[in-house]
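For ligands, and for the atoms within them, numbers begin at 1 and follow the listed sequence. Keep in mind that what you see is a predicted model, and the values were worked out from it rather than measured.
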Amino acid sequence: MSWFSISALVTRSALHRPATRLYPFERRTPYAKTRGHIEFKINDCTFCTVCAVKCPTGAIVASKKDKTWAIDHGLCILCGNCVHDCREGCITQCREPWPPMRAKEVISYRQDYEAP
Ligand code: SF4
Ligand code: SF4
């Protein structure tokens, strides 16, 4: 490699943005169709358990009796079945990934209700 091509390479590298990012401080914006983590809103949930039955990995547990709904993010493979099968629109899939986990992470929700 000649001195001229080396200096051209150095100049080009100095004038362009770096090819890499300072991850995790600088993160790429997710693509429009990125399958991120599952989000849940309990207010409209009827606890029909369809999402739990359709989940291929058993990541969701829903109980009509206790009015609870839980998801194990370690088991979820982001297939989106639960999003499509919930008729109440309680489950959505956002574009951002779930933060890295060091241990099993089950998020539980409970709907408040008046005792009969
Ligand atoms: S999230 Fe939707 S599919 Fe799952 S139990 Fe609630 S209403 Fe049924
Ligand atoms: S996205 Fe798929 S694996 Fe994850 S909770 Fe929903 S149905 Fe289960």
Can you list the atoms of ligand 1 that are under 4.0 Å from a heavy atom of [X]?
X     : value
Cys45 : 1 (S), 5 (S), 6 (Fe), 7 (S)
Glu88 : 7 (S)
Phe47 : 5 (S), 6 (Fe)
Trp69 : 1 (S), 4 (Fe)

Within the side chain of [X], is there an N or O that forms a donor-acceptor pair under 3.5 Å with the backbone of [Y]?
X      : Y     : result
Thr49  : Ala52 : no
Gln111 : Ile42 : yes
His37  : Glu96 : yes

N, O or S from Cys48 under 2.8 Å to atom 8 (Fe) of ligand 1: yes
Within a strict 4.5 Å, meaning less than it, do heavy atoms of the [X] and [Y] side chains meet?
X     : Y      : result
Phe40 : Cys82  : no
Arg35 : Gln93  : yes
Asp66 : Arg110 : no

Interatomic spacing from OG1 in Thr92 to CD1 in Ile38 - rounded to 0.5 Å: 7.5 Å
Ligand 2: protein residues within heavy-atom distance under 4.0 Å: Ile38, Cys55, Pro56, Thr57, Ile60, Ile71, Cys76, Ile77, Leu78, Cys79, Gly80, Asn81, Cys82
Parallel, tilted or perpendicular, as decided by the 30° and 60° cut-offs, for the rings of Trp98 and His73: parallel
